[in-house]
Amino acid sequence: MMESTETLLLTRRDVANLLTITECMVAVENAFGLYANGKMTPPKVLGIHVDNGGFHIKAGVLTSDKIYFAAKTNANFPNNSSQHGLPTIQGVIVVCDGRNGRLLSLMDSIEMTILRTGAATGIAAKYLALPDARVATICGCGNQGKISLKALLEVRKLEKIYAFDIDPLQTEKLAHEFSNEIDVIAITANDLHDALIQSHICVTCTPSQKPFIQAKDIRPGAFIAAVGSDSEEKQELFPDLIAKNKIVVDIAEQAATIGELHHAIKQGLTTIDHIHAGLGQIITGQKAGRESDNEIIIFDSTGTALQDVAAAAIVYEKALINKIGTSLNFSDT
């Protein structure tokens with residue numbers, strides 16, 4: 001029987017309508033667990049820098065009932081909004097049948113990247129944040145900050161959020177969006193230390209290339225999801241904060257080369273052996289998560305194709321069931 005040669009084209013709106021943060025968290029948690037158990041091929045990443053930005057290609061394979069290959073090409077240009085009226089992140093995900101290479105889908109990557117990154121933050125907080133965490137600080141109040149907060153609210157009963165962004169408008173937007181769910185307090189850089197020292201959870205999801213959070217800012221027992229550093233030049237945490245505390249990573253090799261950890265390694269403050277565990281090892285119980293109420297735990301989240309392929313598989317399958325998307329045939333001559 002001949003297989004269809006049609007490829008499903010899915011827009012950002014399609015992806016947003018097909019995938020919730022709850023579904024994404026389940027899929028991503030499962031993928032990290034499979035990887036820790038040696039049931040997923042190690043993902044690959046390629047980064048290329050250009051003026052004012054860069055491109056990342058992340059590729060991985062998911063083996064479940066079916067075999068899916070996904071490769072995501074993302075452009076990341078932090079000044080796009082102010083200079084060009086474009087999103088910071090733009091790109092596409094290619095989804096193929098891992099059995100025969102058939103091109104199954106092309107889908108916009110913006111929503112997927114936002115969702116799967118937030119999902120990893122929520123999952124890490126589920127296993128590593130204090131069970132009674134009530135106060136959090138979000139540094140970076142754009143799309144990633146918003147989805148990170150949604151993911152945190154899935155796993156912890158937060159009561160107060162401190163919101164910080166160098167663009168006050170972004171802070172206001174986040175505060176307005178969540179005003180009916182939680183107490184959101186907009187802060188400036190001058191308020192950041194006081195907010196952090198009160199926070200049980202901190203999420204950093206900015207494009208900063210200079211560290212702005214020090215060890216003295218963080219209270220005992222805090223959980224930090226360091227999301228912004230996904231290339232060599234990005235950095236949000238001072239290296240001594242990394243070197244002094246427990247580090248959990250998504251992928252060890254990535255954290256050591258493009259994550260917050262790599263800055264501490266580069267300065268000779270620590271080595272890759274400082275990593276306590278991969279997130280998948282915590283999920284599967286191979287390594288302990290939080291071992292005391294006072295330890296500070298940092299999740300170095302560089303973003304992996306494990307997340308992309310897990311989320312993309314759900315979106316593709318739901319699109320087929322719900323008959324969403326536009327069918328194309330690239331084999332036409």
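Between the side chains of Q286 and N37, at least one donor N or O lies within less than 3.5 Å of an accepting N or O. H56 and N74 are not linked by any side-chain donor-acceptor pair at a separation below 3.5 angstrom, with hydrogens and angles left out of the test. If you check the side chains of Q235 and S208, you find no donor sitting under 3.5 Å from an acceptor. A donor and an acceptor atom, one from each side chain of N80 and T88, are nowhere located under 3.5 Å apart. With no hydrogens or angles considered, no side-chain donor-acceptor pair links N79 and S82 at under 3.5 Å. With 3.5 Å as the limit, one finds no donor-acceptor pair spanning the side chains of D165 and T171.
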inquiry  = Set out, in order, the CA-CA distance, both residues' side-chain angles and the distance that settles side-chain hydrogen bond (donor to acceptor under 3.5 Å, both in side chains) for K39 and T63, then state yes or no.
reply    = CA-CA 8 Å; K39 296 180 180 179; T63 302; over 6 Å; no
request  = Go through E236 and T206 one step at a time and tell me if the side-chain hydrogen bond (donor to acceptor under 3.5 Å, both in side chains) criterion holds.
outcome  = CA-CA 8 Å; E236 298 174 303; T206 77; 2.7 Å; yes
request  = For side-chain contact (heavy atoms from CB on, under 4.5 Å), just list the numbers for T41 and Y35, CA-CA rounded to whole Å, side-chain angles, deciding distance to a tenth of an Å, and then say yes or no.
outcome  = CA-CA 7 Å; T41 303; Y35 178 70; over 6 Å; no
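Two rings, from F55 and F77, have their centers less than 6.0 Å apart.
Of all heavy-atom pairs between G118 and I21, the closest is C-CD1, 4.2 Å. Taking both residues in full, the closest heavy atoms of K234 and G228 are given as CD-O, 3.2 Å, listed atom of the first, atom of the second, then distance. Heavy atoms only, all atoms of each residue included: A255 and V249 are closest at CB-CG1, 3.6 Å. When every heavy atom of I298 is checked against every heavy atom of L241, the shortest pair comes out as CD1-O, 3.5 Å. Scanning both residues, K160 and I185, for their nearest heavy atoms gives CD-CD1, 3.8 Å. Summarising the geometry of G259 relative to T302, their closest heavy-atom pair is CA-CG2, 3.6 Å, with the distance given to 0.1 Å.
Looking at L306 and M40, their side chains come closer than 4.5 Å, going by heavy atoms from C-beta outward. Counting only heavy atoms from C-beta outward, the side chains of I213 and I218 approach each other to under 4.5 Å. Side-chain contact check for E181 versus K150: every heavy-atom pair is 4.5 Å or farther apart. Side chains of T117 and Q144 form a contact here, defined as non-hydrogen atoms less than 4.5 Å apart. Residues I182 and V184 meet the side-chain proximity criterion, which asks for heavy atoms closer than 4.5 Å. Taking 4.5 Å as the limit, every side-chain heavy atom of L104 sits out of range of all side-chain heavy atoms of C96. A heavy-atom distance below 4.5 Å is found between the side chains of I138 and L152. Side chains of L103 and V94 form a contact here, defined as non-hydrogen atoms less than 4.5 Å apart.
Without hydrogens or angle criteria, S109 side chain to G91 main chain gives a donor-acceptor distance under 3.5 Å. Here the side chain of S229 pairs a donor or acceptor atom with the backbone of I258 at under 3.5 angstrom. The backbone N or O of Q214 lies less than 3.5 Å from a partner atom in the side chain of D217, making a donor-acceptor pair. Listed for the N294 side chain is no donor-acceptor partner under 3.5 Å among the backbone atoms of P220. The main-chain N or O of D97 is never found under 3.5 Å from a side-chain atom of K66 such that the two would form a donor-acceptor pair. In this structure, the side chain of S199 does not engage the main chain of C202 through any donor-acceptor pair within 3.5 Å. Using modelled atom types, no side-chain atom of R290 and backbone atom of Y127 make a donor-acceptor pair closer than 3.5 Å. Side-chain atoms of K318 come within 3.5 Å of backbone atoms of L18 as a donor-acceptor pair (strictly under, hydrogens ignored). Checked by atom type and distance alone, the side chain of E260 pairs as donor or acceptor with a backbone atom of L237 at under 3.5 Å. Distance alone, capped at 3.5 Å, is enough to place a donor-acceptor pair between the S105 side chain and the L8 backbone.
Criterion: ILVMFWY side-chain heavy atoms under 4.5 Å apart, direct or through other members. Under it, V95 and L9 are not part of a common hydrophobic cluster. Linking Ile, Leu, Val, Met, Phe, Trp and Tyr whenever their side-chain heavy atoms come within less than 4.5 Å puts I282 and V155 in one cluster. One hydrophobic cluster, built from ILVMFWY side chains closer than 4.5 Å, cannot hold both I224 and I251; they sit in different ones. Connection of Y68 to V92 is not established within any shared hydrophobic cluster, with ILVMFWY side chains joined at heavy-atom distances below 4.5 Å, either directly or through further cluster members. Hydrophobic clustering of Ile, Leu, Val, Met, Phe, Trp and Tyr side chains at less than 4.5 Å, counting indirect connections, keeps F223 apart from L196.
In this structure, F330 CZ and L106 CG are separated by 5.0 Å, a value rounded to the nearest 0.5 Å. Atoms SG and CG, on C141 and D167 in that order, are 9.5 Å from each other to the nearest 0.5 Å. With values rounded to the nearest 0.5 angstrom, D300 atom CG is found 8.0 Å from I275 atom CD1. Note that the CZ atom of F299 and the CG atom of L128 stand 8.0 Å from one another [nearest 0.5 Å]. Atom-to-atom distance recorded for F32:CZ and T304:OG1 is 4.5 Å, nearest 0.5 angstrom. Of the inter-residue distances, the one linking L19 atom CG with M107 atom CE reads 9.5 Å to the nearest 0.5 angstrom.
With respect to the salt-bridge test (charged N to carboxylate O, under 4.0 angstrom), the residues K266 and E232 do not qualify. One finds a salt bridge joining K126 and E29 here, because a Lys/Arg side-chain nitrogen approaches an Asp/Glu carboxylate oxygen to under 4.0 Å. Salt-bridge formation is detected for the pair R116/D308: a Lys NZ or Arg NE/NH1/NH2 atom is positioned less than 4.0 Å from an Asp or Glu carboxylate oxygen.
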